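Accompanying notes for the structure given below.
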Amino acid sequence: MSEKLDNNQLLRFTTAGSVDDGKSTLIGRLLYDSKSIFEDQLEAITNTSKKKGHAGVDLALFTDGLRDEREQGITIDVAYRYFTTPKRKFIIADTPGHIQYTRNMVTGASTANVATILIDARHGVIEQTKRHAFIASLLQIPHIIVCVNKMDLVDYSEKVYNDIIRQFEDISSKMLVTDVRFIPMSALNGDNVVNKSKNMDWYQGAPMLHTLETMHISSDINKVDARFPVQTVLRPQREGFIDYRGYAGRVASGIFRKGDEVTVMPSGFTSKIKSIDTLNKELEEAYAPMSVSITLEDDIDISRGDMIVRSNNKPEASQDIEVMLCWLNNAAAKPRAKYTIKHTSNDQKAMIKEVVYKYNINTLERVKDDKELNMNDICKVKIRTTKPLMIDSYRENRTTGSIILVDDATNETVAAGMIV
């Protein structure tokens, strides 16, 4: 059964690649050819391009928003861009290519449906490609599009393209990657970005935009495990709602229906769903990622941080969790320091008990004797929390399987993690 495509469906994708692989140019081409750029924006970029001595429009300037990026011709921060076609809405996270910005890629890719990994056709698969593929698989991004860019510089050679496919498949076979697609392109000239290339008639697949518009993403959300983290309790206390007590939040995964038997965690009290409400109507069912208010037939003490789940399908309640962590902060982690752990709507105090191993991002080997956590390090750690968290593994549920750590002294987010 084909997926119904409509303009309401949002697809998030992230771009990753080495420096000068053409990520910003690719996004600029995507926006330019799909006519998603405002006239005043186009005029400003055209003028900047002329000042820099370019013959045409420098497409990379559409995404390199920071002044340092424009001056150096590189991407430093994660740049988010939004555009719409008749079939879908898109959010692009353009992430930096430099090794020292690994944390930025983790940030940009954490909510993505699709990771686009750029490879320079002249250089093939390099260390950065392996690193980005590893992070994409670590973050359980469901779909990967490998864009073999700058095909114009290798005379649109099918052999070069096929060699790169083989190189990438060698590394992806060792990772948890299920859906990988390959597209040969030239972002600079527009080959296979929005329009099909006349220079590569040997390529029978669709161009990039068509691939993004038609990719099936509905099944990426976990529809089996019903999880509803409570954000706040609604007590309107006005006419018609005097006795109303609703629990508001966003459905993290699964489907809730009126009459379902549910359990409130961590207390373990059970009840049935009396109603599911939005601002202006009552619903028969709610599913991820809808924001609703749920009322129960029994009066139970529920507050922010509790989770409503189906009685026959509960998450694990645990104070000891194992997490794949990316350290985001400039300062190293302090041994046995206390942090605030944020998990769905639940905030608790936590401590990193043990660093089990770190990944050498270049070789993807596990390093067990280095226990210090510095910026951009990716490692497996054991965390102890003051009260139980209602958790699923990140592989099963990206929403209830993810956490962040916040430094109480500075209020900075110091780490992001995926529950193993």
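Numbering of residues begins at 1 and proceeds along the displayed sequence. Not measured: the values here are computed from a predicted model. Computed from heavy atoms alone, side chains included, the values below leave out hydrogens, waters and symmetry copies.
Closest approach of His343 to Ser402, counting heavy atoms only: CD2-O, 3.4 Å. Closest heavy-atom contact between Asn313 and Val224: ND2-O, 3.5 Å.
Sequence neighbours left out, the pairs with a member in residues 404-420 that pass salt bridge (charged side-chain N to carboxylate O under 4.0 Å, His left out) are Lys334-Asp407, Lys349-Asp408. Every pair passing salt bridge (charged side-chain N to carboxylate O under 4.0 Å, His left out) that includes a residue from residues 385-403 is listed here, sequence neighbours excluded: Arg227-Asp392.
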Extract all donor-acceptor atom pairs below 3.5 Å that involve side chains of residues 280-293 and protein atoms in other chains or at least two apart in sequence.
unit_1 : atom_1 : unit_2 : atom_2 : d
Glu282 : OE2    : Lys258 : NZ     : 2.8
Glu285 : OE1    : Arg257 : NE     : 3.0
Ser293 : OG     : Tyr244 : OH     : 3.0

Atom pairs and distances, side-chain donor-acceptor, residues 204-211, under 3.5 Å, sequence neighbours left out:
unit_1 : atom_1 : unit_2 : atom_2 : d
Gln204 : NE2    : Asp201 : O      : 3.0
Thr211 : OG1    : Pro207 : O      : 2.9

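Lys371 places a side-chain N or O within donor-acceptor distance of the main-chain N or O of Lys368, the cut-off being under 3.5 Å. With hydrogens and angles ignored, the 3.5 Å screen pairs a side-chain donor or acceptor of Arg88 with a backbone N or O of Leu212. At least one donor-acceptor pair closer than 3.5 Å links the side chain of Arg29 to the backbone N or O of Leu188. Judged purely by atom type and a 3.5 angstrom limit, Tyr161 uses its side chain to pair as donor or acceptor with the backbone of Phe182. Checking side-chain atoms of Asn189 against main-chain N and O of Asp191 turns up no donor-acceptor pair under 3.5 Å. The closest donor-acceptor contact from the side chain of Ser197 to the backbone of Asn199 lies under 3.5 Å. Remark: the backbone N or O of Thr116 is not paired with any side-chain donor or acceptor of Lys23 at under 3.5 angstrom. For the pair Thr232 (side chain) and Ala248 (backbone), a donor-acceptor distance under 3.5 Å is absent. Side-chain atoms of Lys196 come within 3.5 Å of backbone N or O of Tyr203 as a donor-acceptor pair. Looking at Gln167, its side chain does come within 3.5 Å of a backbone N or O of Val125 through a donor-acceptor pair.
Scanning for ring-ring contact (aromatic ring centres under 6.0 Å, His included) contacts around Tyr357 gives Tyr359, with sequence neighbours left out. A search for salt bridge (charged side-chain N to carboxylate O under 4.0 Å, His left out) contacts involving Asp320 returns Lys353, Arg384, not counting sequence neighbours.
When side chains are defined from C-beta on, Phe168 does not count as touching Ile165, because their heavy atoms never get closer than 4.5 Å. When side chains are defined from C-beta on, Val414 counts as touching Trp327, because their heavy atoms get closer than 4.5 Å. A heavy-atom distance below 4.5 Å is found between the side chains of Phe134 and Met175. The closest side-chain heavy-atom distance from Pro315 to Ile391 is not below 4.5 Å. Contact annotation: the side chain of Cys326 never approaches that of Asn376 to less than 4.5 Å [non-hydrogen atoms, C-beta and beyond].
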**Request:** Report the C-alpha distance between Thr263 and Ser311 in whole Å, list the side-chain angles of each, state the deciding distance to 0.1 Å, and finish with yes or no for side-chain hydrogen bond (donor to acceptor under 3.5 Å, both in side chains).
**Result:** CA-CA 5 Å; Thr263 298; Ser311 297; 2.8 Å; yes
**Prompt:** Would Ser253 and Asn222 count as a side-chain hydrogen bond (donor to acceptor under 3.5 Å, both in side chains) if you check the C-alpha gap in whole Å, the side-chain angles of each, and the deciding distance to 0.1 Å?
**Reply:** CA-CA 5 Å; Ser253 58; Asn222 180 329; 4.8 Å; no
**Message:** Working note: Phe83 + Leu30, criterion side-chain contact (heavy atoms from CB on, under 4.5 Å); need CA distance, chi angles, decisive distance, verdict.
**Reply:** CA-CA 9 Å; Phe83 75 103; Leu30 205 53; 4.0 Å; yes
**Prompt:** Val154 and Arg122: side-chain contact (heavy atoms from CB on, under 4.5 Å), yes or no, with the steps?
**Reply:** CA-CA 7 Å; Val154 292; Arg122 297 168 300 174; 3.9 Å; yes
**Asked** Are Ile378 and Ile135 close enough, and set up right, to give a side-chain contact (heavy atoms from CB on, under 4.5 Å), and what steps lead you there?
**Response** CA-CA 9 Å; Ile378 292 176; Ile135 292 171; 4.2 Å; yes
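For CG of Asp298, the number of neighbouring non-hydrogen atoms (other residues, nucleotides, ligands) closer than 6.0 Å is greater than 12. Within a 6.0 Å radius of CG in Asp301, no more than 12 heavy atoms belonging to other residues, nucleotides or ligands are found. Other residues, nucleotides and ligands contribute at most 12 non-hydrogen atoms within 6.0 Å of the CZ atom of Arg250.
In this structure, CD1 in Ile308 is found 9.0 Å from OG in Ser271, a value given to the nearest 0.5 Å. Distance check: Leu139 CG to Thr111 OG1 gives 10.0 Å after rounding to the nearest 0.5 Å. Expressed to the nearest 0.5 Å, how far NZ of Lys272 lies from CG of Leu296 amounts to 12.5 Å. Note that OG1 of Thr399 is 8.5 Å distant from OH of Tyr394, once rounded to the nearest 0.5 Å. Atom CD1 of residue Ile341 and atom CD of residue Gln348 lie 9.0 Å apart, to the nearest 0.5 angstrom. Rounded to the nearest 0.5 angstrom, Met324 CE and Ile419 CD1 are separated by 13.0 Å.
With respect to Arg166 and Asp170, no salt bridge is recorded, no charged nitrogen being found less than 4.0 Å from a carboxylate O. Under a 4.0 Å N-O distance rule, the pair Asp179/Arg181 qualifies as a salt bridge.
Judged by distance alone, the side chains of Thr344 and Asn346 never bring a donor and an acceptor atom under 3.5 Å apart.
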